[in-house]
Amino acid sequence: MKKIILLCALFMASLTVNAQRFYLDFNFGYGFGMPGNVLGEKSHTDIINGERFKTASNLTGSIGSGLNLQLTPGYMINDNIGIELGINYFIGSKTTMAESTSSLTMNIGPNNFDNADFSSRKDVANSSQLRIAPAVLISTGISNTISGYAKLGIIMPLMGSTIVNTTAYSARVESGEIVRDEIIVKTVISGAPSFGFKGALGMNYNITDNLSLFGEVFVASLNIKQKTRRMESYSFNGQDGIDALPSYNKDIDYIDELTPESNNSDVNTSSEGTAPKEELFQKTSFSQMGIQIGIKYTF
(Lines give C-alpha, C1' and ligand atoms only; values in the text may rest on other atoms or scores of the structure.)
Protein backbone atom coordinates (compact mmCIF):
# COMPACT_ATOMS: atom_id res chain seq x y z
CA MET A 1 0.00 0.00 0.00
CA LYS A 2 2.80 2.38 0.88
CA LYS A 3 4.42 1.69 -2.50
CA ILE A 4 1.14 2.43 -4.31
CA ILE A 5 0.69 5.70 -2.40
CA LEU A 6 4.29 6.66 -3.18
CA LEU A 7 3.81 5.90 -6.89
CA CYS A 8 0.60 7.95 -6.97
CA ALA A 9 2.36 10.84 -5.27
CA LEU A 10 5.22 10.69 -7.77
CA PHE A 11 2.72 10.56 -10.65
CA MET A 12 0.82 13.59 -9.36
CA ALA A 13 4.08 15.44 -8.85
CA SER A 14 5.12 14.69 -12.43
CA LEU A 15 1.76 16.03 -13.71
CA THR A 16 2.28 19.22 -11.72
CA VAL A 17 5.77 19.68 -13.13
CA ASN A 18 4.54 19.08 -16.68
CA ALA A 19 1.60 21.44 -16.24
CA GLN A 20 3.93 24.21 -15.17
CA ARG A 21 5.72 23.99 -18.50
CA PHE A 22 2.80 25.57 -20.36
CA TYR A 23 2.65 29.37 -20.38
CA LEU A 24 0.73 32.25 -21.91
CA ASP A 25 2.06 35.76 -22.25
CA PHE A 26 0.78 39.08 -23.50
CA ASN A 27 3.25 41.67 -24.71
CA PHE A 28 3.27 44.92 -26.60
CA GLY A 29 5.90 47.19 -28.03
CA TYR A 30 7.01 49.37 -30.89
CA GLY A 31 9.07 48.50 -33.93
CA PHE A 32 11.10 51.07 -35.83
CA GLY A 33 11.25 50.51 -39.57
CA MET A 34 14.66 49.51 -40.86
CA PRO A 35 16.16 52.33 -42.96
CA GLY A 36 17.70 52.11 -46.39
CA ASN A 37 14.79 51.00 -48.58
CA VAL A 38 13.73 53.45 -51.30
CA LEU A 39 10.03 54.15 -50.84
CA GLY A 40 9.57 56.86 -53.43
CA GLU A 41 10.68 60.33 -54.45
CA LYS A 42 10.47 63.76 -52.85
CA SER A 43 10.69 66.55 -55.41
CA HIS A 44 10.12 70.25 -55.99
CA THR A 45 9.78 72.00 -59.33
CA ASP A 46 10.22 75.73 -59.87
CA ILE A 47 8.35 76.99 -62.94
CA ILE A 48 9.98 80.25 -63.92
CA ASN A 49 8.66 82.00 -67.02
CA GLY A 50 7.73 78.69 -68.60
CA GLU A 51 10.99 76.88 -67.78
CA ARG A 52 11.07 74.02 -65.25
CA PHE A 53 13.84 73.46 -62.71
CA LYS A 54 13.43 70.26 -60.70
CA THR A 55 15.23 68.96 -57.63
CA ALA A 56 14.56 65.49 -56.23
CA SER A 57 15.77 63.01 -53.64
CA ASN A 58 14.84 59.50 -52.56
CA LEU A 59 12.51 58.87 -49.64
CA THR A 60 13.99 55.94 -47.72
CA GLY A 61 12.74 53.85 -44.85
CA SER A 62 10.17 51.16 -44.21
CA ILE A 63 6.46 51.01 -43.58
CA GLY A 64 7.30 48.43 -40.93
CA SER A 65 7.21 51.08 -38.18
CA GLY A 66 4.35 50.62 -35.77
CA LEU A 67 2.76 49.08 -32.71
CA ASN A 68 2.92 45.33 -32.07
CA LEU A 69 0.37 43.56 -29.86
CA GLN A 70 1.05 39.88 -29.25
CA LEU A 71 -0.50 36.93 -27.43
CA THR A 72 1.89 34.00 -27.10
CA PRO A 73 1.09 30.46 -25.95
CA GLY A 74 4.21 28.41 -25.32
CA TYR A 75 5.64 25.21 -23.84
CA MET A 76 8.97 24.68 -22.07
CA ILE A 77 10.42 21.31 -23.03
CA ASN A 78 12.82 21.68 -20.13
CA ASP A 79 14.24 24.52 -18.05
CA ASN A 80 16.30 25.82 -20.97
CA ILE A 81 14.43 25.10 -24.22
CA GLY A 82 10.90 25.99 -25.23
CA ILE A 83 8.67 26.45 -28.25
CA GLU A 84 5.98 29.10 -28.74
CA LEU A 85 3.50 30.50 -31.23
CA GLY A 86 3.16 34.27 -31.25
CA ILE A 87 -0.17 35.65 -32.47
CA ASN A 88 0.74 39.17 -33.48
CA TYR A 89 -1.35 42.17 -34.56
CA PHE A 90 0.60 44.95 -36.23
CA ILE A 91 -0.72 48.53 -36.42
CA GLY A 92 1.51 50.50 -38.75
CA SER A 93 2.49 54.13 -38.41
CA LYS A 94 1.77 56.59 -41.19
CA THR A 95 4.68 56.79 -43.64
CA THR A 96 5.18 59.22 -46.52
CA MET A 97 5.76 57.22 -49.71
CA ALA A 98 6.01 60.08 -52.23
CA GLU A 99 5.80 63.88 -52.15
CA SER A 100 6.00 66.53 -54.83
CA THR A 101 5.41 70.29 -54.99
CA SER A 102 5.78 73.03 -57.55
CA SER A 103 5.81 76.83 -57.51
CA LEU A 104 5.15 79.38 -60.23
CA THR A 105 7.04 82.57 -60.98
CA MET A 106 5.57 84.37 -63.99
CA ASN A 107 3.99 87.57 -65.23
CA ILE A 108 0.52 86.87 -66.61
CA GLY A 109 -1.34 89.93 -67.80
CA PRO A 110 -1.74 92.36 -64.91
CA ASN A 111 -0.77 89.71 -62.34
CA ASN A 112 2.70 88.88 -61.12
CA PHE A 113 3.07 85.41 -59.57
CA ASP A 114 6.20 85.32 -57.47
CA ASN A 115 6.99 81.80 -56.19
CA ALA A 116 3.29 81.01 -55.82
CA ASP A 117 2.21 77.49 -54.82
CA PHE A 118 1.14 75.81 -58.02
CA SER A 119 0.63 72.10 -57.37
CA SER A 120 1.35 69.38 -54.83
CA ARG A 121 0.89 65.69 -54.17
CA LYS A 122 1.53 63.54 -51.11
CA ASP A 123 1.07 59.77 -50.70
CA VAL A 124 0.87 58.49 -47.12
CA ALA A 125 0.67 54.77 -46.32
CA ASN A 126 -0.07 52.72 -43.24
CA SER A 127 -0.60 49.01 -42.80
CA SER A 128 -2.34 46.58 -40.46
CA GLN A 129 -1.65 42.85 -40.35
CA LEU A 130 -2.51 39.73 -38.37
CA ARG A 131 0.59 37.55 -38.14
CA ILE A 132 1.81 34.34 -36.55
CA ALA A 133 5.36 34.01 -35.27
CA PRO A 134 6.42 30.46 -34.27
CA ALA A 135 9.79 30.45 -32.49
CA VAL A 136 12.25 28.42 -30.45
CA LEU A 137 13.23 29.87 -27.05
CA ILE A 138 16.57 29.18 -25.39
CA SER A 139 16.83 30.29 -21.73
CA THR A 140 19.61 30.39 -19.14
CA GLY A 141 17.08 28.73 -16.80
CA ILE A 142 13.46 29.82 -16.81
CA SER A 143 12.97 28.67 -13.20
CA ASN A 144 15.60 31.14 -11.96
CA THR A 145 14.36 34.39 -10.48
CA ILE A 146 16.15 36.32 -13.23
CA SER A 147 17.03 34.68 -16.52
CA GLY A 148 18.11 35.68 -19.98
CA TYR A 149 16.78 34.19 -23.17
CA ALA A 150 17.02 34.25 -26.94
CA LYS A 151 14.32 33.55 -29.54
CA LEU A 152 14.61 32.63 -33.19
CA GLY A 153 11.73 31.93 -35.53
CA ILE A 154 9.74 32.97 -38.55
CA ILE A 155 6.98 35.53 -39.04
CA MET A 156 4.06 35.07 -41.45
CA PRO A 157 1.21 37.50 -42.21
CA LEU A 158 -2.17 35.75 -42.34
CA MET A 159 -4.25 38.75 -43.38
CA GLY A 160 -4.00 42.49 -43.71
CA SER A 161 -3.49 45.32 -46.18
CA THR A 162 -1.74 48.62 -46.77
CA ILE A 163 -3.84 51.73 -47.25
CA VAL A 164 -2.42 54.61 -49.29
CA ASN A 165 -4.11 58.02 -48.98
CA THR A 166 -3.24 60.50 -51.72
CA THR A 167 -3.99 64.21 -51.44
CA ALA A 168 -3.15 66.37 -54.43
CA TYR A 169 -4.08 69.52 -56.23
CA SER A 170 -3.26 70.36 -59.80
CA ALA A 171 -3.31 73.94 -61.03
CA ARG A 172 -3.97 75.85 -64.20
CA VAL A 173 -4.05 79.51 -65.12
CA GLU A 174 -7.39 80.92 -66.25
CA SER A 175 -7.98 84.61 -67.00
CA GLY A 176 -4.78 85.52 -65.22
CA GLU A 177 -5.69 83.57 -62.08
CA ILE A 178 -4.41 80.28 -60.66
CA VAL A 179 -7.20 77.73 -60.40
CA ARG A 180 -6.52 74.58 -58.34
CA ASP A 181 -8.39 71.28 -58.54
CA GLU A 182 -8.26 69.09 -55.43
CA ILE A 183 -8.02 65.30 -55.77
CA ILE A 184 -8.30 62.86 -52.85
CA VAL A 185 -7.73 59.15 -53.48
CA LYS A 186 -7.72 56.06 -51.24
CA THR A 187 -6.20 52.81 -52.50
CA VAL A 188 -5.76 49.44 -50.80
CA ILE A 189 -2.78 47.17 -51.52
CA SER A 190 -2.97 43.45 -50.75
CA GLY A 191 0.04 41.18 -50.58
CA ALA A 192 0.82 37.64 -51.66
CA PRO A 193 1.62 34.95 -49.03
CA SER A 194 5.05 35.74 -47.58
CA PHE A 195 7.23 34.95 -44.60
CA GLY A 196 10.29 36.40 -42.90
CA PHE A 197 12.53 35.84 -39.91
CA LYS A 198 12.45 37.21 -36.37
CA GLY A 199 14.92 37.07 -33.51
CA ALA A 200 14.94 38.50 -29.98
CA LEU A 201 17.10 38.82 -26.86
CA GLY A 202 15.40 39.38 -23.51
CA MET A 203 15.35 39.15 -19.72
CA ASN A 204 12.70 37.39 -17.61
CA TYR A 205 11.91 38.14 -13.94
CA ASN A 206 9.80 35.71 -11.92
CA ILE A 207 7.52 37.58 -9.51
CA THR A 208 5.97 34.34 -8.26
CA ASP A 209 6.08 30.70 -9.33
CA ASN A 210 3.39 31.46 -11.90
CA LEU A 211 3.74 35.13 -12.79
CA SER A 212 6.68 36.87 -14.45
CA LEU A 213 7.61 40.07 -16.27
CA PHE A 214 9.89 40.25 -19.28
CA GLY A 215 11.36 42.66 -21.77
CA GLU A 216 13.17 42.09 -25.03
CA VAL A 217 14.70 43.71 -28.08
CA PHE A 218 13.86 42.18 -31.44
CA VAL A 219 14.69 42.34 -35.12
CA ALA A 220 12.29 41.21 -37.86
CA SER A 221 13.06 40.85 -41.56
CA LEU A 222 9.90 40.75 -43.67
CA ASN A 223 9.34 41.67 -47.32
CA ILE A 224 5.88 41.21 -48.84
CA LYS A 225 5.23 40.79 -52.54
CA GLN A 226 2.42 42.97 -53.87
CA LYS A 227 -0.60 41.12 -55.28
CA THR A 228 -3.32 43.68 -56.05
CA ARG A 229 -3.97 47.40 -55.76
CA ARG A 230 -7.58 48.61 -55.68
CA MET A 231 -8.87 52.20 -55.63
CA GLU A 232 -11.58 52.46 -52.98
CA SER A 233 -12.48 56.12 -53.35
CA TYR A 234 -11.80 59.05 -55.68
CA SER A 235 -12.90 62.60 -55.02
CA PHE A 236 -12.48 65.52 -57.45
CA ASN A 237 -13.20 68.94 -55.93
CA GLY A 238 -15.39 67.25 -53.32
CA GLN A 239 -17.38 65.18 -55.80
CA ASP A 240 -17.26 61.37 -55.85
CA GLY A 241 -15.92 60.28 -59.21
CA ILE A 242 -14.80 56.68 -58.77
CA ASP A 243 -17.69 55.21 -60.78
CA ALA A 244 -16.66 57.25 -63.81
CA LEU A 245 -13.17 55.73 -63.89
CA PRO A 246 -12.54 52.57 -65.93
CA SER A 247 -11.03 49.62 -64.09
CA TYR A 248 -7.77 50.03 -66.00
CA ASN A 249 -7.24 53.48 -64.44
CA LYS A 250 -8.00 52.55 -60.85
CA ASP A 251 -7.05 48.89 -60.29
CA ILE A 252 -3.79 46.96 -60.69
CA ASP A 253 -2.97 43.25 -60.70
CA TYR A 254 0.72 42.58 -60.08
CA ILE A 255 2.30 39.81 -62.13
CA ASP A 256 5.75 38.22 -62.54
CA GLU A 257 6.22 39.03 -66.22
CA LEU A 258 4.79 41.40 -68.82
CA THR A 259 4.10 39.87 -72.24
CA PRO A 260 2.34 41.10 -75.42
CA GLU A 261 -0.83 39.49 -74.00
CA SER A 262 -0.69 41.39 -70.70
CA ASN A 263 -3.32 44.04 -70.00
CA ASN A 264 -0.84 46.90 -70.13
CA SER A 265 -0.78 49.51 -72.92
CA ASP A 266 3.03 49.68 -72.81
CA VAL A 267 3.26 46.12 -74.17
CA ASN A 268 -0.21 45.52 -75.60
CA THR A 269 -1.99 48.05 -77.81
CA SER A 270 -5.21 46.04 -77.44
CA SER A 271 -5.32 46.31 -73.63
CA GLU A 272 -8.83 46.52 -72.18
CA GLY A 273 -10.00 49.40 -70.04
CA THR A 274 -12.68 47.27 -68.39
CA ALA A 275 -10.07 45.02 -66.69
CA PRO A 276 -7.41 45.92 -64.11
CA LYS A 277 -4.07 47.03 -65.43
CA GLU A 278 -1.27 44.48 -65.11
CA GLU A 279 2.12 45.61 -63.82
CA LEU A 280 5.29 43.94 -62.60
CA PHE A 281 5.22 43.21 -58.88
CA GLN A 282 7.36 44.94 -56.30
CA LYS A 283 8.24 43.94 -52.77
CA THR A 284 7.46 46.17 -49.79
CA SER A 285 9.68 46.09 -46.71
CA PHE A 286 8.06 45.65 -43.30
CA SER A 287 11.39 44.96 -41.58
CA GLN A 288 11.78 46.48 -38.14
CA MET A 289 13.84 46.69 -34.97
CA GLY A 290 12.11 47.36 -31.67
CA ILE A 291 11.34 46.57 -28.06
CA GLN A 292 8.62 44.50 -26.38
CA ILE A 293 7.55 44.26 -22.75
CA GLY A 294 5.02 41.87 -21.31
CA ILE A 295 3.65 39.66 -18.58
CA LYS A 296 3.65 35.86 -18.55
CA TYR A 297 1.57 33.34 -16.66
CA THR A 298 2.88 29.79 -16.26
CA PHE A 299 0.28 27.10 -15.62
Side-chain angles (χ1 to χ4, degrees), residues 30-67 90-106 113-129 160-173 178-191 222-226 228-242 245 249-252 254 266 277 279-290:
Y30 190 86
F32 299 91
M34 302 290 281
N37 298 294
V38 177
L39 301 176
E41 182 182 274
K42 181 176 182 179
S43 67
H44 177 76
T45 302
D46 289 310
I47 307 170
I48 303 175
N49 296 324
E51 293 190 66
R52 294 177 177 268
F53 304 90
K54 181 180 177 179
T55 58
S57 60
N58 285 328
L59 285 171
T60 60
S62 166
I63 60 174
S65 299
L67 180 67
F90 169 70
I91 305 171
S93 301
K94 293 182 178 180
T95 303
T96 299
M97 305 294 290
E99 186 174 6
S100 63
T101 57
S102 70
S103 60
L104 177 67
T105 300
M106 185 177 291
F113 298 104
D114 184 13
N115 202 34
D117 290 339
F118 194 64
S119 65
S120 74
R121 172 173 174 160
K122 189 173 186 179
D123 299 323
V124 178
N126 69 290
S127 179
S128 60
Q129 295 174 4
S161 62
T162 298
I163 296 174
V164 181
N165 289 293
T166 301
T167 303
Y169 63 82
S170 59
R172 60 186 187 277
V173 178
I178 296 177
V179 179
R180 298 182 179 90
D181 297 313
E182 184 184 55
I183 300 171
I184 299 176
V185 180
K186 177 182 177 181
T187 56
V188 178
I189 302 173
S190 299
L222 177 63
N223 294 289
I224 297 179
K225 178 180 176 181
Q226 295 175 341
T228 62
R229 183 181 183 119
R230 300 288 183 257
M231 186 183 293
E232 282 202 346
S233 63
Y234 175 88
S235 170
F236 182 79
N237 290 337
Q239 300 295 317
D240 184 11
I242 192 168
L245 296 175
N249 294 105
K250 61 184 179 182
D251 300 326
I252 297 174
Y254 292 100
D266 292 335
K277 183 180 182 181
E279 288 189 357
L280 292 176
F281 77 88
Q282 296 179 346
K283 286 189 175 181
T284 303
S285 172
F286 290 87
S287 299
Q288 56 179 204
M289 175 183 293

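What you see below is based on every heavy atom in this structure, not just the backbone, and it leaves out hydrogens, waters and symmetry mates. What you see is a predicted model, and the numbers here were worked out from it, not measured in a lab.
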Q.
Using a 6.0 Å cut-off, check whether atom CD of E41 has over 12 heavy atoms from anything other than its own residue.
A. yes
Q.
I'd like to know whether NZ of K42 has more than 12 heavy-atom contacts from other residues, nucleotides or ligands below 6.0 angstrom.
A. no
If you compare all heavy atoms of [X] against all heavy atoms of [Y], which two are closest, and at what distance to 0.1 Å?
X    : Y    : answer
M231 : I242 : O-CD1, 3.3 Å
Y254 : L280 : CD2-O, 3.4 Å
S103 : H44  : OG-NE2, 3.4 Å
S65  : G33  : OG-N, 2.7 Å
G66  : Q288 : N-NE2, 4.4 Å
F90  : F286 : CE2-CD2, 4.3 Å

**Q.** Distance-only donor-acceptor check, side chains S43 and S100, under 3.5 Å
**A.**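 Their side chains do not contain a donor-acceptor pair, so the 3.5 Å distance test is not met.
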[X] side, atom [atom1]; [Y] side, atom [atom2] - distance, nearest 0.5 Å:
X    : Y    : atom1 : atom2 : value
I252 : E279 : CD1   : CD    : 4.0 Å
L222 : S287 : CG    : OG    : 6.5 Å
T101 : D117 : OG1   : CG    : 8.0 Å
Y234 : Q239 : OH    : CD    : 12.0 Å
Y169 : I183 : OH    : CD1   : 12.5 Å
E182 : F236 : CD    : CZ    : 10.0 Å

Q: With K94 as reference, evaluate I63, N165, N126 under the side chain to side chain contact (heavy atoms under 4.5 Å, CB included) test and give the passing residue.
A: N126
Judged by atom type as modelled, is there a donor-acceptor pair below 3.5 Å linking the side chain of [X] to the main-chain atoms of [Y]?
X    : Y    : answer
D114 : T105 : no
Q129 : G160 : no
T187 : R230 : no
R52  : D46  : no
S127 : S161 : yes

Do [X] and [Y] come close enough that some side-chain heavy atom pair is under 4.5 Å?
X    : Y    : value
K54  : S102 : no
R229 : V164 : yes
T284 : T162 : no
S128 : I91  : no
I47  : F113 : no
L59  : M97  : no

Q: Just do the side-chain contact (heavy atoms from CB on, under 4.5 Å) check on R121 and S170 with the steps written out, would you?
A: CA-CA 8 Å; R121 172 173 174 160; S170 59; over 6 Å; no
Q: Give a yes or no on whether the ring-centroid distance for F32 and Y30 is below 6.0 angstrom.
A: yes
